[in-house]
Amino acid sequence: MGSLEVEKKAIGWAARDPSGILSPYTYTLRNTGPDDVQVKILYCGLCHSDVHQVKNDLGMSNYPMVPGHEVVGEVVEVGPEVSKFKVGDIVGVGLLVGCCKTCRPCKQDIEQYCAKKIWNCNDVYTDGKPTQGGFANFMVVEQKFVVKIPDGMAPEQAAPLLCAGVTVYSPLNHFGFNQSGLRGGILGLGGVGHMGVKIAKAMGHHVTVISSSDKKRQEALDHLGADDYLVSSDNEKMQEAADSLDYIIDTVPVNHPLEPYLSLLKVDGKLILMGVINTPLQFVSPMVMLGRKSITGSFIGSMKETEEVLHFCKEKGVTSQIEMVKMDYINTAMERLEKNDVRYRFVVDVAGSKLDQ
């Protein structure tokens, strides 16, 4: 099991300032506590929120910052009170690494809504030290915030499910949109959007992809299995599709009008916001009043839902479409992600990048 008393050095790639450029950075891991798991990181997905964080788009970034919150790795050390995992297990770590455990959300097992939750990077842990993310060779995490990757699931495939996958699964599950026969819309076909199509189809939904241009039509219909494709600027087709959808998962991470999409919803339909946007969105109230429609939001998912989505995807054969890169490509990958030039999720081969050499 190894010593639990010796501090260990980790090597990651960190941003030093709002330029967001990552470069090698060595820092100290906390000791593996009684309830902790030490993970040797194998793969880590790249999410649009990583770009927001390293570039200080939300005005809350602290540097140096090692991003990355779709982490898959191998357990190399466990504390004496760890019961869920053993050395050699392949596990996942998502965006959360701590919560208060006493508030109402925590007691309801929706710890992602805990007011005192601790992010896996750009936050301060209970020991007063900054948290660092998955673009590194090791991390230490409390066992509550670690999930087992199902046997037979490729670890690199599991990485995007820890954020993009559960981000879609959680609202579909919570709002009762997890039965077959529903009609759903996916607005934006990026990392989260492509998982939305796949998971909604696996639940038996009729899925319409809504996009600002026609350029992803063939990919959406032929490769991802969507049933229909709408270009939001095509007024005639948008009008034909009015009042047709039970829900829309809105993954767009920049400011955009809501009214064209609210018109697509049936009575009692829900527009579920998932993109992190730092400017106000606008709509006129009759758009929701005259159909009892709802604009709501959802944030990642609980640890329970993270386990559920992994097993759901294993059972249904749902995979993410990834582009594997090494760590020395990470800055280029971030530039491409900002231009939406990826199909559909970058996953960094952390172990293959040999960060300690």
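We count residues from 1, following the sequence as given.
- Within 6.0 Å of CD in Gln282 there are 12 or fewer heavy atoms belonging to other residues, nucleotides or ligands.
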Checklist entry - Can you check salt bridge (charged side-chain N to carboxylate O under 4.0 Å, His left out) on Glu77 and Lys86, steps first, answer last? => result CA-CA 8 Å; Glu77 185 176 61; Lys86 64 183 185 303; over 6 Å; no

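- Remark: Lys216 fails to qualify as a cation-pi partner of Tyr229 under the 6.0 Å distance and 45° angle criteria applied to the six-membered ring.
- Residues forming a side chain to side chain donor-acceptor pair (under 3.5 Å) with His205 (at least two apart in sequence, or on another chain): Tyr247.
- To the nearest 0.5 Å, the span separating CD1 on Ile90 from OH on Tyr43 amounts to 9.5 Å.
- Taking 4.5 Å as the limit, every side-chain heavy atom of Glu323 sits out of range of all side-chain heavy atoms of Tyr344.
- Side-chain contact between Cys103 and Lys116: absent, with no pair of heavy atoms (C-beta onward) separated by less than 4.5 Å.
- Put simply, the side chain of Asn137 never gets that close to the backbone of Lys354: no donor and acceptor are under 3.5 Å apart.
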Checklist entry - Is there a side chain to side chain contact (heavy atoms under 4.5 Å, CB included) between Val231 and Ile210 once you walk through the steps? => result CA-CA 6 Å; Val231 178; Ile210 310 159; over 6 Å; no

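- Note: the hydrophobic cluster containing Leu172 also contains Val192 (ILVMFWY, side chain heavy atoms under 4.5 Å, direct or indirect links).
- Between Met139 atom CE and Lys8 atom NZ the span is 14.0 Å, to the nearest 0.5 Å.
- Looking at Ser83 and Gln143, their side chains come closer than 4.5 Å, going by heavy atoms from C-beta outward.
- A salt bridge between Glu338 and Lys55 is present, with a side-chain N of the basic residue lying under 4.0 Å from a carboxylate O of the acidic one.
- No single ILVMFWY cluster, assembled from side-chain heavy atoms under 4.5 Å apart, contains both Leu58 and Ile277.
- Ser302 and Gln112 are not linked by any side-chain donor-acceptor pair at a separation below 3.5 angstrom, with hydrogens and angles left out of the test.
- In the hydrophobic clustering of ILVMFWY residues, with side-chain heavy atoms under 4.5 Å counting as a link, Phe177 and Val267 come out apart.
- Residues Ser232 and Ser212 approach most closely at OG-CA, 3.6 Å, considering heavy atoms.
- In the model, Glu308 has a side-chain atom that pairs as donor or acceptor with a side-chain atom of Tyr169 under 3.5 Å.
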Next on the checklist: I'd like to know whether Val140 forms a side chain to side chain contact (heavy atoms under 4.5 Å, CB included) with Val37, so could you lay out the CA-CA distance, the side-chain angles of the two residues, the decisive distance to 0.1 Å, and finally the verdict.
Outcome noted: CA-CA 6 Å; Val140 175; Val37 173; over 6 Å; no

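- Counting non-hydrogen atoms of other residues, nucleotides and ligands closer than 6.0 Å to CD of Glu240 gives a total above 12.
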Checklist entry - Would Asp328 and Trp13 satisfy side chain to side chain contact (heavy atoms under 4.5 Å, CB included), going step by step from the backbone distance to the final call? => result CA-CA 9 Å; Asp328 59 9; Trp13 277 50; 4.3 Å; yes

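- Contact check on Glu70 versus Arg345 returns a salt bridge, with a Lys/Arg side-chain nitrogen under 4.0 Å from an Asp/Glu carboxylate oxygen.
- Taking the six-membered ring where the residue is Trp, Tyr27 and Tyr25 present parallel rings, their angle staying beneath 30° rather than reaching 60°.
- Between Ser244 and Lys266, the side chains place no donor N or O within less than 3.5 Å of an acceptor N or O (distance only, hydrogens not considered).
- Residue Val166 comes nearest to Gly301 through the heavy atom pair CG2-CA, 3.8 Å, listed as atom of the first residue, atom of the second, then distance.
- Taking CE of Met324 as the start and CD of Gln157 as the end, the distance is 8.5 Å to the nearest 0.5 Å.
- Atom CG of Leu355 sits about 11.0 Å away from atom NZ of Lys326, to the nearest 0.5 Å.
- Around CZ of Arg16, the count of heavy atoms belonging to other residues, nucleotides or ligands within 6.0 Å exceeds 12.
- Glu111 pairs by the salt bridge (charged side-chain N to carboxylate O under 4.0 Å, His left out) definition with Lys144, not counting sequence neighbours.
- For the pair Leu162/Val147, a side-chain contact is recorded, criterion being any heavy-atom separation below 4.5 Å from C-beta on.
- Between Asp89 and Lys84 no salt bridge is recorded (no basic side-chain N to carboxylate O distance below 4.0 Å).
- Side-chain N or O atoms of Ser211 include none that pairs as donor or acceptor with a backbone N or O of Gly188 at under 3.5 Å.
- In the hydrophobic clustering, where aliphatic and aromatic side chains (Ile, Leu, Val, Met, Phe, Trp, Tyr) are joined below 4.5 Å either directly or transitively, Val124 stands alone.
- Every residue meeting the salt bridge (charged side-chain N to carboxylate O under 4.0 Å, His left out) condition with Lys148, not counting sequence neighbours, appears here in chain and number order: Asp151.
- Nearest heavy-atom pair across Val75 and Val78 is CG1-CG1, 3.5 Å.
- Residue Ser263 comes nearest to Met287 through the heavy atom pair N-CE, 3.8 Å, listed as atom of the first residue, atom of the second, then distance.
- Not counting sequence neighbours, Lys314 has no partner by the salt bridge (charged side-chain N to carboxylate O under 4.0 Å, His left out) test.
- With no hydrogens or angles considered, a side-chain donor-acceptor pair links Asn178 and Asn173 at under 3.5 Å.
- Checking Asn120 against Thr131 by side-chain atom types alone, no donor-acceptor pair falls below 3.5 Å.
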Checklist entry - Under the ring-ring contact (aromatic ring centres under 6.0 Å, His included) criterion, do Trp119 and Phe299 qualify, and how do the steps go? => result CA-CA 13 Å; Trp119 312 105; Phe299 177 64; 5.5 Å; yes

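- Residues Arg183 and Asp246 are not paired through a salt bridge, judged by the lack of any N-O separation under 4.0 Å between the basic side chain and the carboxylate.
- When all heavy atoms are compared, the tightest approach of Val91 to Val146 is CB-CG1, 3.5 Å.
- The residues Asp227 and Lys201 are annotated as salt-bridged, a charged nitrogen and a carboxylate oxygen being separated by less than 4.0 angstrom.
- Note on Phe346 and Ile41: same hydrophobic cluster, where clusters join Ile, Leu, Val, Met, Phe, Trp and Tyr whose side-chain heavy atoms are under 4.5 Å apart, directly or indirectly.
- By the salt bridge (charged side-chain N to carboxylate O under 4.0 Å, His left out) test, Arg343 is found to be paired with Glu219, residues two or more places apart in sequence or in another chain being considered.
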Next on the checklist: Working note: Met195 + Ser320, criterion side chain to side chain contact (heavy atoms under 4.5 Å, CB included); need CA distance, chi angles, decisive distance, verdict.
Outcome noted: CA-CA 7 Å; Met195 288 309 309; Ser320 46; 3.5 Å; yes

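- Smallest separation of non-hydrogen atoms from Val207 and Ala200: CG2-CB, 3.6 Å.
- Taken together through direct or relayed side-chain contacts under 4.5 Å among Ile, Leu, Val, Met, Phe, Trp and Tyr, Leu271 and Val276 form parts of separate hydrophobic clusters.
- With hydrogens and angles left out, the side-chain atoms of His256 and Asp250 include a donor and acceptor closer than 3.5 Å.
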